[in-house]
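Proteins come first, then strands; the chains are lettered A, B, ... in the order of their sequence lines, and each starts at number 1. Everything numeric here is computed off the predicted structure, so don't read it as measured data.
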Amino acid sequence: MSPVEPRLPKGMRDVLPQQMVLRQHVLSILEEVFAQFGFEPLITPAVELEEILLGKGGSESEKLIFNVEHVGGKERLALRYDLTVPLSRVVGQYPDLPKPFRRYQIAPVWRAERPQKGRYREFYQCDADIVGSASMLADAEIIAMIYTILRRLGFEQFVTLINDRKLLAGLGQYSGVPADQVPVLHRTIDKLDKIGADGVREELGKAGLSLPSVDRLLQMMRPVDGAAADLQALRQELKDIPSAVEGIDELSELVGYLPALGVDPDCYRIDLAMVRGLDYYTGPIYETVVEKPRIGSITGGGRFDGLVGRFSNKNYPATGTTVGIERILDVMEELQMLPPGMGQTSVQVLVTLFGDTLQNESLKLLTELRLAGLRCELYYSPDPIGTQIRYALKKGIPFVVIAGPDELAQGKVALRDLRTREQVLVERKSAASALERSLNAACS
RNA sequence: GUGGACGUAGCUCAAUGGCAGAGUACUGGUCUGUGGAACCAGGUGUUGCGGGUUCGAAUCCCGUCGUCCACCCCA
(Lines give C-alpha, C1' and ligand atoms only; values in the text may rest on other atoms or scores of the structure.)
Protein backbone atom coordinates (compact mmCIF):
# COMPACT_ATOMS: atom_id res chain seq x y z
CA MET A 1 0.00 0.00 0.00
CA SER A 2 1.48 3.33 -0.99
CA PRO A 3 1.61 5.99 1.70
CA VAL A 4 -0.72 8.97 1.65
CA GLU A 5 1.09 11.87 0.06
CA PRO A 6 1.96 14.23 2.90
CA ARG A 7 0.86 17.73 1.99
CA LEU A 8 -0.85 20.80 3.39
CA PRO A 9 -4.04 22.63 2.48
CA LYS A 10 -3.51 25.70 0.33
CA GLY A 11 -2.11 28.66 2.19
CA MET A 12 -1.37 26.74 5.41
CA ARG A 13 1.99 25.80 6.77
CA ASP A 14 3.89 23.97 9.46
CA VAL A 15 6.19 25.81 11.82
CA LEU A 16 9.12 23.50 12.43
CA PRO A 17 11.07 23.49 15.72
CA GLN A 18 13.91 25.45 14.17
CA GLN A 19 11.52 28.30 13.26
CA MET A 20 9.74 28.08 16.59
CA VAL A 21 12.81 29.42 18.40
CA LEU A 22 12.41 32.91 16.95
CA ARG A 23 8.61 32.75 16.98
CA GLN A 24 8.46 31.97 20.67
CA HIS A 25 10.97 34.69 21.41
CA VAL A 26 8.79 37.26 19.60
CA LEU A 27 5.59 35.99 21.20
CA SER A 28 7.04 36.14 24.69
CA ILE A 29 8.08 39.77 24.18
CA LEU A 30 4.60 40.59 22.91
CA GLU A 31 2.93 39.01 25.92
CA GLU A 32 5.34 40.73 28.24
CA VAL A 33 4.67 44.19 26.80
CA PHE A 34 0.91 43.61 26.62
CA ALA A 35 0.99 42.73 30.30
CA GLN A 36 3.17 45.75 31.12
CA PHE A 37 0.55 47.97 29.57
CA GLY A 38 -2.11 46.45 31.74
CA PHE A 39 -3.76 44.15 29.23
CA GLU A 40 -5.07 40.76 30.26
CA PRO A 41 -5.21 37.61 28.17
CA LEU A 42 -8.40 36.25 26.61
CA ILE A 43 -9.19 33.02 24.78
CA THR A 44 -12.24 32.60 22.57
CA PRO A 45 -13.09 29.58 20.40
CA ALA A 46 -11.74 29.28 16.87
CA VAL A 47 -15.27 28.47 15.77
CA GLU A 48 -18.10 30.98 16.11
CA LEU A 49 -21.71 30.88 15.05
CA GLU A 50 -21.91 32.16 11.51
CA GLU A 51 -24.37 34.90 12.47
CA ILE A 52 -21.78 36.37 14.83
CA LEU A 53 -19.24 36.75 12.05
CA LEU A 54 -21.49 37.93 9.25
CA GLY A 55 -22.63 41.47 8.76
CA LYS A 56 -19.48 43.44 9.41
CA GLY A 57 -16.95 44.94 7.05
CA GLY A 58 -19.22 44.50 4.06
CA SER A 59 -19.58 41.49 1.87
CA GLU A 60 -15.89 41.53 0.91
CA SER A 61 -14.56 40.00 4.10
CA GLU A 62 -17.50 37.63 4.34
CA LYS A 63 -16.37 35.93 1.16
CA LEU A 64 -13.19 34.94 3.00
CA ILE A 65 -14.90 33.02 5.77
CA PHE A 66 -14.29 29.29 6.15
CA ASN A 67 -17.45 27.42 7.03
CA VAL A 68 -17.28 24.51 9.45
CA GLU A 69 -19.44 21.46 8.97
CA HIS A 70 -19.97 18.19 10.71
CA VAL A 71 -22.35 15.35 10.13
CA GLY A 72 -25.72 16.07 11.66
CA GLY A 73 -24.73 19.59 12.68
CA LYS A 74 -27.65 21.87 13.45
CA GLU A 75 -25.71 25.09 13.96
CA ARG A 76 -24.23 27.24 11.19
CA LEU A 77 -20.57 27.45 12.18
CA ALA A 78 -17.56 29.28 10.81
CA LEU A 79 -13.91 29.90 11.65
CA ARG A 80 -13.18 33.40 12.98
CA TYR A 81 -11.39 35.65 10.51
CA ASP A 82 -10.24 38.22 13.04
CA LEU A 83 -10.18 38.73 16.81
CA THR A 84 -12.10 41.99 16.91
CA VAL A 85 -15.52 40.50 16.26
CA PRO A 86 -15.12 37.83 18.97
CA LEU A 87 -14.01 40.58 21.34
CA SER A 88 -17.14 42.58 20.55
CA ARG A 89 -19.24 39.49 21.20
CA VAL A 90 -17.52 38.90 24.56
CA VAL A 91 -18.13 42.49 25.65
CA GLY A 92 -21.78 42.19 24.66
CA GLN A 93 -22.16 38.80 26.30
CA TYR A 94 -20.60 39.64 29.67
CA PRO A 95 -21.94 43.12 30.47
CA ASP A 96 -20.46 43.04 33.97
CA LEU A 97 -16.85 43.12 32.80
CA PRO A 98 -15.22 46.18 34.37
CA LYS A 99 -14.76 49.00 31.87
CA PRO A 100 -12.50 49.95 30.35
CA PHE A 101 -11.97 46.34 29.42
CA ARG A 102 -8.44 45.82 28.17
CA ARG A 103 -7.56 42.47 26.75
CA TYR A 104 -4.93 40.99 24.49
CA GLN A 105 -5.37 37.87 22.42
CA ILE A 106 -2.79 35.94 20.45
CA ALA A 107 -4.51 33.31 18.34
CA PRO A 108 -4.86 31.95 14.83
CA VAL A 109 -7.49 33.28 12.43
CA TRP A 110 -8.52 31.96 9.03
CA ARG A 111 -9.22 33.67 5.74
CA ALA A 112 -9.89 31.88 2.47
CA GLU A 113 -7.79 34.35 0.53
CA ARG A 114 -5.40 33.60 -2.26
CA PRO A 115 -2.04 33.12 -0.53
CA GLN A 116 0.93 35.34 -1.22
CA LYS A 117 4.21 36.40 0.37
CA GLY A 118 3.46 37.11 4.02
CA ARG A 119 -0.21 36.23 3.53
CA TYR A 120 -1.57 32.89 4.55
CA ARG A 121 -4.96 31.30 5.03
CA GLU A 122 -4.17 30.51 8.64
CA PHE A 123 -2.12 33.02 10.58
CA TYR A 124 -1.69 34.36 14.08
CA GLN A 125 -3.08 37.70 15.06
CA CYS A 126 -1.92 39.54 18.15
CA ASP A 127 -4.57 42.04 19.19
CA ALA A 128 -4.68 44.45 22.09
CA ASP A 129 -7.83 46.53 22.54
CA ILE A 130 -9.41 48.82 25.09
CA VAL A 131 -13.21 48.77 25.21
CA GLY A 132 -15.30 51.28 27.11
CA SER A 133 -13.26 54.45 26.95
CA ALA A 134 -13.56 57.28 24.46
CA SER A 135 -10.45 58.99 25.80
CA MET A 136 -7.60 59.80 23.45
CA LEU A 137 -5.39 58.55 26.28
CA ALA A 138 -6.39 55.05 25.24
CA ASP A 139 -5.35 55.67 21.64
CA ALA A 140 -2.08 57.24 22.77
CA GLU A 141 -1.32 54.24 24.95
CA ILE A 142 -1.93 51.88 22.05
CA ILE A 143 0.61 53.78 19.97
CA ALA A 144 3.09 53.86 22.84
CA MET A 145 2.65 50.12 23.24
CA ILE A 146 3.33 49.48 19.55
CA TYR A 147 6.45 51.60 19.88
CA THR A 148 7.58 49.65 22.95
CA ILE A 149 6.98 46.30 21.29
CA LEU A 150 8.90 47.12 18.14
CA ARG A 151 11.82 48.62 20.06
CA ARG A 152 11.97 45.57 22.30
CA LEU A 153 12.06 43.37 19.22
CA GLY A 154 15.04 45.33 17.93
CA PHE A 155 13.40 47.44 15.23
CA GLU A 156 14.95 50.83 14.61
CA GLN A 157 13.55 52.21 11.38
CA PHE A 158 9.78 52.18 11.63
CA VAL A 159 7.06 54.79 11.62
CA THR A 160 3.53 54.59 12.96
CA LEU A 161 1.32 56.56 10.63
CA ILE A 162 -1.61 58.25 12.31
CA ASN A 163 -4.75 59.60 10.72
CA ASP A 164 -8.37 60.07 11.69
CA ARG A 165 -11.53 58.82 10.07
CA LYS A 166 -13.44 61.95 11.00
CA LEU A 167 -10.79 64.04 9.29
CA LEU A 168 -10.94 61.78 6.24
CA ALA A 169 -14.70 62.14 6.11
CA GLY A 170 -14.21 65.89 6.30
CA LEU A 171 -11.73 65.81 3.46
CA GLY A 172 -14.32 64.00 1.36
CA GLN A 173 -16.74 66.80 2.07
CA TYR A 174 -14.05 69.39 1.42
CA SER A 175 -13.31 67.96 -2.02
CA GLY A 176 -16.98 68.03 -2.93
CA VAL A 177 -17.19 64.30 -3.57
CA PRO A 178 -20.72 62.87 -3.30
CA ALA A 179 -21.13 60.69 -0.23
CA ASP A 180 -21.33 57.42 -2.13
CA GLN A 181 -18.01 58.19 -3.86
CA VAL A 182 -16.09 58.84 -0.68
CA PRO A 183 -14.87 55.23 -0.33
CA VAL A 184 -13.35 55.45 -3.80
CA LEU A 185 -11.69 58.70 -2.83
CA HIS A 186 -10.23 57.15 0.29
CA ARG A 187 -9.07 54.01 -1.43
CA THR A 188 -7.31 56.08 -4.05
CA ILE A 189 -5.50 58.47 -1.75
CA ASP A 190 -4.36 55.47 0.26
CA LYS A 191 -2.30 54.55 -2.78
CA LEU A 192 -0.54 57.91 -2.80
CA ASP A 193 2.83 56.50 -1.75
CA LYS A 194 2.54 53.73 -4.31
CA ILE A 195 1.29 55.47 -7.45
CA GLY A 196 2.31 59.04 -6.64
CA ALA A 197 0.41 62.32 -6.88
CA ASP A 198 0.04 62.01 -10.66
CA GLY A 199 -1.41 58.54 -10.34
CA VAL A 200 -3.93 59.72 -7.78
CA ARG A 201 -4.84 62.73 -9.91
CA GLU A 202 -5.40 60.47 -12.90
CA GLU A 203 -7.47 57.88 -11.03
CA LEU A 204 -9.64 60.44 -9.31
CA GLY A 205 -10.10 62.32 -12.56
CA LYS A 206 -11.36 59.13 -14.14
CA ALA A 207 -13.72 58.67 -11.22
CA GLY A 208 -15.28 61.98 -12.12
CA LEU A 209 -13.78 64.34 -9.57
CA SER A 210 -12.92 67.85 -10.62
CA LEU A 211 -9.19 68.36 -11.01
CA PRO A 212 -8.98 71.58 -8.99
CA SER A 213 -10.51 69.91 -5.95
CA VAL A 214 -8.18 66.92 -6.38
CA ASP A 215 -5.23 69.27 -6.43
CA ARG A 216 -6.45 71.05 -3.33
CA LEU A 217 -6.65 67.65 -1.64
CA LEU A 218 -3.20 66.59 -2.75
CA GLN A 219 -1.81 69.88 -1.54
CA MET A 220 -3.11 68.95 1.88
CA MET A 221 -1.57 65.49 1.83
CA ARG A 222 1.89 66.85 2.53
CA PRO A 223 3.50 65.30 5.58
CA VAL A 224 2.29 66.76 8.86
CA ASP A 225 4.83 66.46 11.62
CA GLY A 226 2.32 66.71 14.41
CA ALA A 227 3.63 70.06 15.58
CA ALA A 228 0.93 72.27 16.97
CA ALA A 229 1.50 74.95 14.36
CA ASP A 230 1.10 72.50 11.52
CA LEU A 231 -2.16 71.12 12.85
CA GLN A 232 -3.42 74.63 13.51
CA ALA A 233 -2.79 75.57 9.89
CA LEU A 234 -4.74 72.54 8.76
CA ARG A 235 -7.51 73.36 11.19
CA GLN A 236 -7.72 76.86 9.79
CA GLU A 237 -7.96 75.52 6.25
CA LEU A 238 -10.80 73.16 7.13
CA LYS A 239 -12.52 75.30 9.74
CA ASP A 240 -15.88 75.19 7.98
CA ILE A 241 -16.12 71.42 8.08
CA PRO A 242 -17.09 70.25 11.58
CA SER A 243 -16.11 66.63 11.03
CA ALA A 244 -12.62 67.60 9.88
CA VAL A 245 -12.15 69.94 12.83
CA GLU A 246 -13.24 67.22 15.21
CA GLY A 247 -10.73 64.80 13.65
CA ILE A 248 -7.93 67.35 13.86
CA ASP A 249 -8.71 68.02 17.50
CA GLU A 250 -8.60 64.31 18.25
CA LEU A 251 -5.25 63.96 16.51
CA SER A 252 -3.87 66.98 18.22
CA GLU A 253 -4.83 65.68 21.65
CA LEU A 254 -3.59 62.18 20.88
CA VAL A 255 -0.23 63.30 19.56
CA GLY A 256 0.15 65.62 22.51
CA TYR A 257 0.31 62.65 24.89
CA LEU A 258 3.04 60.77 23.04
CA PRO A 259 6.15 62.61 24.28
CA ALA A 260 5.27 61.97 27.93
CA LEU A 261 4.70 58.30 27.06
CA GLY A 262 8.28 58.16 25.80
CA VAL A 263 7.60 57.67 22.10
CA ASP A 264 10.46 58.77 19.86
CA PRO A 265 9.16 61.57 17.56
CA ASP A 266 10.89 59.91 14.60
CA CYS A 267 8.68 56.86 15.04
CA TYR A 268 5.27 58.41 14.42
CA ARG A 269 3.85 60.80 11.90
CA ILE A 270 0.43 62.13 10.98
CA ASP A 271 -0.28 61.02 7.44
CA LEU A 272 -3.48 62.24 5.85
CA ALA A 273 -3.10 59.74 3.01
CA MET A 274 -3.21 56.67 5.26
CA VAL A 275 -6.70 55.20 5.19
CA ARG A 276 -6.92 51.51 6.15
CA GLY A 277 -9.45 49.32 4.45
CA LEU A 278 -11.92 48.29 7.12
CA ASP A 279 -14.91 50.57 7.24
CA TYR A 280 -15.73 50.15 10.94
CA TYR A 281 -13.12 52.65 12.14
CA THR A 282 -14.62 55.85 13.49
CA GLY A 283 -11.76 57.97 14.90
CA PRO A 284 -7.97 57.82 14.99
CA ILE A 285 -6.41 55.07 12.89
CA TYR A 286 -2.83 53.83 12.96
CA GLU A 287 -0.56 51.71 10.88
CA THR A 288 3.15 50.96 11.30
CA VAL A 289 5.42 50.54 8.32
CA VAL A 290 8.99 49.31 8.30
CA GLU A 291 11.05 51.46 6.01
CA LYS A 292 14.17 49.46 5.37
CA PRO A 293 12.74 46.56 3.44
CA ARG A 294 9.49 47.89 2.00
CA ILE A 295 7.43 45.06 3.42
CA GLY A 296 4.28 47.08 4.06
CA SER A 297 2.49 47.42 7.34
CA ILE A 298 3.29 45.30 10.39
CA THR A 299 0.68 46.74 12.71
CA GLY A 300 -2.71 48.25 12.04
CA GLY A 301 -5.56 49.47 14.14
CA GLY A 302 -7.72 52.32 15.22
CA ARG A 303 -10.82 53.40 17.04
CA PHE A 304 -14.05 51.50 16.36
CA ASP A 305 -16.74 53.07 18.44
CA GLY A 306 -19.68 51.36 16.76
CA LEU A 307 -18.71 47.71 16.60
CA VAL A 308 -19.74 46.43 20.02
CA GLY A 309 -23.23 47.83 19.46
CA ARG A 310 -23.96 44.84 17.25
CA PHE A 311 -23.99 42.62 20.33
CA SER A 312 -25.47 44.90 22.94
CA ASN A 313 -28.12 47.51 23.53
CA LYS A 314 -25.37 49.57 24.95
CA ASN A 315 -22.62 50.71 22.65
CA TYR A 316 -19.06 51.00 23.86
CA PRO A 317 -16.30 53.14 22.40
CA ALA A 318 -13.25 51.02 21.63
CA THR A 319 -9.76 51.28 20.24
CA GLY A 320 -6.92 48.89 19.63
CA THR A 321 -4.36 47.41 17.27
CA THR A 322 -3.29 44.24 15.59
CA VAL A 323 0.37 43.31 15.57
CA GLY A 324 1.17 41.32 12.43
CA ILE A 325 3.44 38.67 13.80
CA GLU A 326 3.80 36.73 10.54
CA ARG A 327 5.16 39.77 8.74
CA ILE A 328 7.31 40.74 11.70
CA LEU A 329 8.88 37.29 11.62
CA ASP A 330 9.48 37.63 7.87
CA VAL A 331 11.16 41.00 8.37
CA MET A 332 13.26 39.81 11.29
CA GLU A 333 14.48 36.85 9.30
CA GLU A 334 15.24 39.01 6.28
CA LEU A 335 17.13 41.57 8.36
CA GLN A 336 18.93 38.89 10.39
CA MET A 337 17.52 40.37 13.59
CA LEU A 338 18.13 37.27 15.67
CA PRO A 339 19.07 38.11 19.24
CA PRO A 340 22.62 37.15 20.20
CA GLY A 341 22.96 33.61 21.44
CA MET A 342 19.82 32.44 19.72
CA GLY A 343 20.42 29.24 17.83
CA GLN A 344 18.40 26.79 15.85
CA THR A 345 17.24 24.79 18.85
CA SER A 346 16.11 25.50 22.38
CA VAL A 347 18.09 22.52 23.65
CA GLN A 348 21.08 23.74 25.63
CA VAL A 349 23.02 20.62 26.51
CA LEU A 350 23.71 17.20 25.05
CA VAL A 351 24.78 14.56 27.56
CA THR A 352 26.98 11.87 26.05
CA LEU A 353 26.51 8.17 26.50
CA PHE A 354 29.39 5.72 26.84
CA GLY A 355 29.36 1.96 27.37
CA ASP A 356 26.64 0.10 29.22
CA THR A 357 28.35 0.30 32.58
CA LEU A 358 28.45 4.08 32.49
CA GLN A 359 24.90 4.51 31.22
CA ASN A 360 23.44 5.09 34.68
CA GLU A 361 26.04 7.78 35.36
CA SER A 362 24.83 9.63 32.28
CA LEU A 363 21.23 9.27 33.41
CA LYS A 364 21.99 10.62 36.88
CA LEU A 365 23.93 13.54 35.47
CA LEU A 366 21.12 14.26 33.03
CA THR A 367 18.59 14.34 35.85
CA GLU A 368 20.75 16.67 37.93
CA LEU A 369 21.11 19.09 35.05
CA ARG A 370 17.37 19.04 34.44
CA LEU A 371 16.65 19.69 38.12
CA ALA A 372 18.93 22.71 37.81
CA GLY A 373 16.65 24.00 35.04
CA LEU A 374 18.80 23.23 32.03
CA ARG A 375 17.23 21.98 28.81
CA CYS A 376 18.99 18.68 28.19
CA GLU A 377 19.00 15.89 25.71
CA LEU A 378 20.64 12.49 26.16
CA TYR A 379 22.45 10.78 23.32
CA TYR A 380 20.96 7.30 23.06
CA SER A 381 23.65 4.99 21.74
CA PRO A 382 27.28 4.56 22.81
CA ASP A 383 28.68 5.83 19.51
CA PRO A 384 32.20 7.23 19.21
CA ILE A 385 32.49 10.62 20.88
CA GLY A 386 33.06 12.25 17.50
CA THR A 387 29.71 11.01 16.26
CA GLN A 388 27.97 12.31 19.36
CA ILE A 389 29.58 15.74 18.99
CA ARG A 390 28.68 15.90 15.32
CA TYR A 391 25.07 15.21 16.23
CA ALA A 392 25.08 18.14 18.63
CA LEU A 393 26.66 20.35 15.99
CA LYS A 394 24.11 19.41 13.40
CA LYS A 395 21.27 20.14 15.74
CA GLY A 396 22.81 23.37 16.96
CA ILE A 397 23.08 22.35 20.61
CA PRO A 398 25.70 24.67 22.12
CA PHE A 399 27.13 22.47 24.89
CA VAL A 400 28.15 18.83 25.22
CA VAL A 401 28.74 17.24 28.59
CA ILE A 402 31.21 14.45 28.18
CA ALA A 403 30.78 11.84 30.88
CA GLY A 404 33.36 9.28 29.83
CA PRO A 405 35.39 6.73 31.78
CA ASP A 406 38.44 8.99 32.09
CA GLU A 407 36.47 11.93 33.49
CA LEU A 408 34.26 9.91 35.82
CA ALA A 409 37.28 8.07 37.23
CA GLN A 410 38.42 11.44 38.62
CA GLY A 411 34.88 12.37 39.75
CA LYS A 412 34.72 14.93 36.95
CA VAL A 413 33.02 15.64 33.63
CA ALA A 414 34.16 17.62 30.60
CA LEU A 415 32.09 20.56 29.35
CA ARG A 416 32.65 21.32 25.71
CA ASP A 417 31.46 24.62 24.22
CA LEU A 418 30.85 23.84 20.58
CA ARG A 419 30.88 27.48 19.53
CA THR A 420 34.26 28.37 21.00
CA ARG A 421 35.67 24.83 20.89
CA GLU A 422 36.77 25.34 24.46
CA GLN A 423 36.62 22.40 26.80
CA VAL A 424 36.97 22.42 30.55
CA LEU A 425 37.14 19.68 33.11
CA VAL A 426 34.96 20.36 36.13
CA GLU A 427 33.90 18.55 39.25
CA ARG A 428 30.89 16.41 38.48
CA LYS A 429 28.92 18.08 41.23
CA SER A 430 29.47 21.55 39.84
CA ALA A 431 28.62 20.66 36.26
CA ALA A 432 25.19 22.31 36.38
CA SER A 433 26.35 25.59 37.86
CA ALA A 434 29.33 25.78 35.49
CA LEU A 435 27.03 25.21 32.52
CA GLU A 436 24.59 27.85 33.71
CA ARG A 437 27.39 30.37 33.98
CA SER A 438 28.65 29.57 30.48
CA LEU A 439 25.17 29.78 28.97
CA ASN A 440 24.46 33.10 30.63
CA ALA A 441 27.77 34.47 29.42
CA ALA A 442 27.05 33.29 25.88
CA CYS A 443 23.64 34.94 25.75
CA SER A 444 24.62 38.35 27.05
C1' G B 1 -12.16 37.18 -7.97
C1' U B 2 -8.36 39.20 -12.30
C1' G B 3 -3.44 38.83 -14.66
C1' G B 4 1.75 36.78 -15.08
C1' A B 5 6.01 33.30 -14.05
C1' C B 6 7.34 28.50 -12.72
C1' G B 7 6.75 22.91 -11.77
C1' U B 8 12.97 17.40 -12.98
C1' A B 9 15.98 13.09 -6.84
C1' G B 10 13.76 14.65 0.15
C1' C B 11 16.46 19.83 -0.93
C1' U B 12 19.23 23.35 -4.49
C1' C B 13 19.41 23.04 -9.65
C1' A B 14 21.51 21.19 -14.98
C1' A B 15 20.07 18.54 -19.50
C1' U B 16 17.23 24.15 -25.84
C1' G B 17 12.65 17.31 -29.92
C1' G B 18 17.10 12.13 -29.58
C1' C B 19 19.72 7.09 -23.81
C1' A B 20 18.05 11.05 -16.85
C1' G B 21 22.50 14.16 -14.58
C1' A B 22 25.65 17.33 -10.48
C1' G B 23 25.97 19.02 -5.40
C1' U B 24 23.71 18.12 -0.79
C1' A B 25 20.74 15.27 2.32
C1' C B 26 19.20 10.01 3.18
C1' U B 27 19.86 4.20 4.26
C1' G B 28 23.28 0.13 5.48
C1' G B 29 28.42 -1.22 6.53
C1' U B 30 33.87 -0.05 8.52
C1' C B 31 35.73 3.24 12.83
C1' U B 32 35.47 2.91 21.35
C1' G B 33 37.73 9.77 23.18
C1' U B 34 36.55 15.12 20.26
C1' G B 35 34.18 19.46 14.73
C1' G B 36 29.35 19.68 10.53
C1' A B 37 34.16 13.38 8.68
C1' A B 38 36.32 9.66 5.43
C1' C B 39 35.85 5.14 2.79
C1' C B 40 32.58 1.29 0.69
C1' A B 41 27.76 -0.04 -0.93
C1' G B 42 23.20 1.75 -2.23
C1' G B 43 16.63 4.10 -3.32
C1' U B 44 18.46 8.84 -5.24
C1' G B 45 13.03 9.64 -10.51
C1' U B 46 5.76 7.60 -13.22
C1' U B 47 10.46 14.90 -15.31
C1' G B 48 3.19 17.47 -10.83
C1' C B 49 -1.21 15.04 -13.28
C1' G B 50 -4.21 14.11 -17.89
C1' G B 51 -4.59 14.56 -22.99
C1' G B 52 -2.59 16.10 -27.85
C1' U B 53 1.36 16.92 -31.86
C1' U B 54 5.62 13.68 -33.34
C1' C B 55 9.19 7.97 -35.63
C1' G B 56 10.51 9.96 -30.83
C1' A B 57 8.38 14.93 -25.62
C1' A B 58 11.45 16.86 -19.30
C1' U B 59 11.53 20.01 -23.81
C1' C B 60 6.14 22.04 -28.32
C1' C B 61 0.35 22.67 -27.74
C1' C B 62 -4.32 22.26 -24.65
C1' G B 63 -6.43 21.21 -19.99
C1' U B 64 -5.88 20.45 -14.77
C1' C B 65 -3.59 20.74 -9.99
C1' G B 66 0.25 23.02 -7.12
C1' U B 67 3.88 26.92 -5.86
C1' C B 68 5.41 31.94 -6.29
C1' C B 69 4.54 37.10 -7.91
C1' A B 70 1.39 41.42 -9.15
C1' C B 71 -3.72 43.46 -8.59
C1' C B 72 -8.09 43.52 -5.14
C1' C B 73 -8.05 43.33 -0.03
C1' C B 74 -5.38 42.79 4.19
C1' A B 75 -1.81 40.96 8.98
*Answer whether the closest heavy-atom distance between the side chains of A:F37 and A:E141 falls below 4.5 Å.*
yes
*According to a strict under-4.0 Å criterion, is A:Q423 in side-chain N/O contact with OP1 or OP2 of B:U34?*
no
*So which one's nearest nucleotide on RNA chain B is more toward 5', A:Y281 or A:R390?*
A:R390
*Would you please indicate if the ring centroids of A:F39 and A:Y104 are separated by under 6.0 Å?*
no
*When you check the glycosidic angle of B:U32, does it come out syn, meaning within 90° of 0, or anti?*
syn
*If you check the A:R421 side chain, which of B:G35, B:A75, B:G33 turns out closest?*
B:G35
*Quiz item: A:R416 side-chain donor-acceptor pair to B:G33 base, under 3.5 Å*: no
*From B:C73, B:U34, B:C68, pick the nucleotide closest to the side chain of A:P115?*
B:C68
*Could you tell me which nucleotide pairs with B:C68 by Watson-Crick or G-U wobble geometry, both distances under 3.5 Å, or answer none if nothing does?*
B:G4
_Under 4.0 Å, heavy atoms only, any strand: does A:I325 hit a base, just the sugar-phosphate, or nothing?_
nothing
*Touch class at under 4.0 angstrom, heavy-atom based, for A:Y391 against every strand present*: nothing
*What about A:Y379 and A:Y391, are their ring centers closer than 6.0 Å?*
yes
*Expressed in angstrom and rounded to an integer, what is the separation of A:I328 atom CD1 from B:A75 atom C1'?*
9 Å
*Between A:G396 and A:E122, which has a closest nucleotide on RNA chain B that is more 5'?*
A:G396
*Is atom CZ of A:R76 surrounded by more than 12 heavy atoms (other residues, nucleotides or ligands) closer than 6.0 Å?*
no
_I need the CD-P distance between A:E422 and B:G35, as an integer number of Å._
16 Å
_Nearest to side-chain heavy atoms of A:Y120, which nucleotide of B:U67, B:A75, B:G35_ = B:A75
*asked:* Is A:R114 close enough to B:C74 that one of its side-chain N or O atoms is under 4.0 Å from OP1 or OP2 there?
replied: no
_Sugar-phosphate only, base, or nothing, as touched by A:D406 at under 4.0 Å among non-hydrogen atoms_ = base
*asked:* Need one value for A:P405: base, sugar-phosphate or nothing, where a base atom within 4.0 Å counts as base even if backbone is also close, heavy atoms only.
replied: base
*Distance only, no hydrogens: is a donor on one side chain within 3.5 Å (strictly under) of an acceptor on the other, for A:Y380 and A:Q388?*
no
Please list each protein N or O that sits under 3.5 Å from an N or O in nucleotides 23-28 of chain B, with the distance.
unit_1	atom_1	unit_2	atom_2	d
B:C26	OP1	A:K394	NZ	2.5

*Could one point to a donor on the side chain of A:R111 or the base of B:C74 with an acceptor on the other under 3.5 Å away?*
no
*Does any nucleotide pair with B:U53 by Watson-Crick or G-U wobble geometry, both distances under 3.5 Å, and what is it?*
none
*Between A:Q105 and A:T44, is any side-chain donor less than 3.5 angstrom from a side-chain acceptor?*
yes
_CA sep, side-chain torsions, deciding dist, call: A:Y286, A:T160, side-chain contact (heavy atoms from CB on, under 4.5 Å)_ = CA-CA 6 Å; A:Y286 5 97; A:T160 299; 3.9 Å; yes
*Would you indicate whether the side-chain heavy atoms of A:E361 and A:R428 approach each other to under 4.5 Å?*
yes
*asked:* So A:G300, base contact, sugar-phosphate only, or nothing? Heavy-atom distance under 4.0 Å.
replied: nothing
